[in-house]
Amino acid sequence: MSNQNTSMMWATLAGIVLVAAGLLGFLNTSIIGSGSGALIATDNIHNIVHLVTGLIALYIAFGLKGQQQATAVLGFGVLYLVIFVAVLASPTLFGIFSVAANAPIHVIHIAVAVVSLAVGYMARGSATMMAR
């Protein structure tokens, strides 16, 4: 499997999971929601962020190809790194969220960031080699 296929698959997986997380959050389940027992603490604003970033990931997967896709996956990783740092510094994102982010959210944010950065970096190298 080429690194380009890996970047498409990763962006697809990240997009589907983020959209699903956003939708489930609106249902306020015991897994994702604003309830005190929710494993992943979110509120409506956080759910919208998940939906929007999930749609961005799906656009990267299906709307971009080659070097553009690789660069976009790398950018997506940077975006989630910024989100991780911001929500780590202020679990309510400076008062925007009504529910403070918890440890599982931090782990998910950094995991999405690291995997996206790694996949994007490898795919960019692959796209550059193929262009030569």
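Remember, it's a predicted structure, so these values are computed and weren't measured experimentally. These values consider heavy atoms only, across backbone and side chains, with no hydrogens, waters or symmetry-generated copies.
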Which residues share a side chain to side chain contact (heavy atoms under 4.5 Å, CB included) with I96, sequence neighbours left out: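 Expected list: I45, L93.
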Side chain to side chain contact (heavy atoms under 4.5 Å, CB included) involving V107 - partner list, sequence neighbours excluded: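 With sequence neighbours excluded, V107 shows a side chain to side chain contact (heavy atoms under 4.5 Å, CB included) to no residue whatsoever.
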Heavy-atom donor-acceptor pair, [X] side chain to [Y] backbone, under 3.5 Å:
{"X": "N47", "Y": "T42", "value": "no"}
{"X": "N102", "Y": "L39", "value": "yes"}
{"X": "Q69", "Y": "A61", "value": "yes"}

Full working for ring-ring contact (aromatic ring centres under 6.0 Å, His included) between F76 and Y80: CA-CA 6 Å; F76 192 74; Y80 260 85; 5.3 Å; yes
I'd like to know if [Y] and [X] are part of one continuous hydrophobic network [Ile/Leu/Val/Met/Phe/Trp/Tyr, side-chain heavy atoms within less than 4.5 Å].
{"X": "V49", "Y": "F94", "answer": "no"}
{"X": "V52", "Y": "L64", "answer": "yes"}
{"X": "V99", "Y": "I48", "answer": "no"}
{"X": "V73", "Y": "L79", "answer": "yes"}

For T71, side-chain hydrogen bond (donor to acceptor under 3.5 Å, both in side chains) partners two or more places apart: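 Here no residue qualifies.
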Side chain to side chain donor-acceptor pair (under 3.5 Å) contacts in which one or both residues fall within residues 88-99, not counting sequence neighbours: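 As it turns out, the side chain to side chain donor-acceptor pair (under 3.5 Å) pairs with a partner in residues 88-99, which skip direct neighbours, are D43-S98.
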Pairs flagged by ring pair (Phe, Tyr, Trp, His ring centres under 6.0 Å) wherever residues 18-66 is involved - sequence neighbours left out: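 Ring pair (Phe, Tyr, Trp, His ring centres under 6.0 Å) check on residues 18-66 returns H46-H50, H46-F97, H46-H109.
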Side-chain donor-acceptor pairs under 3.5 Å in residues 8-19, sequence neighbours left out?
{"unit_1": "W10", "atom_1": "NE1", "unit_2": "S116", "atom_2": "OG", "d": "2.8"}
{"unit_1": "T12", "atom_1": "OG1", "unit_2": "M8", "atom_2": "O", "d": "2.7"}

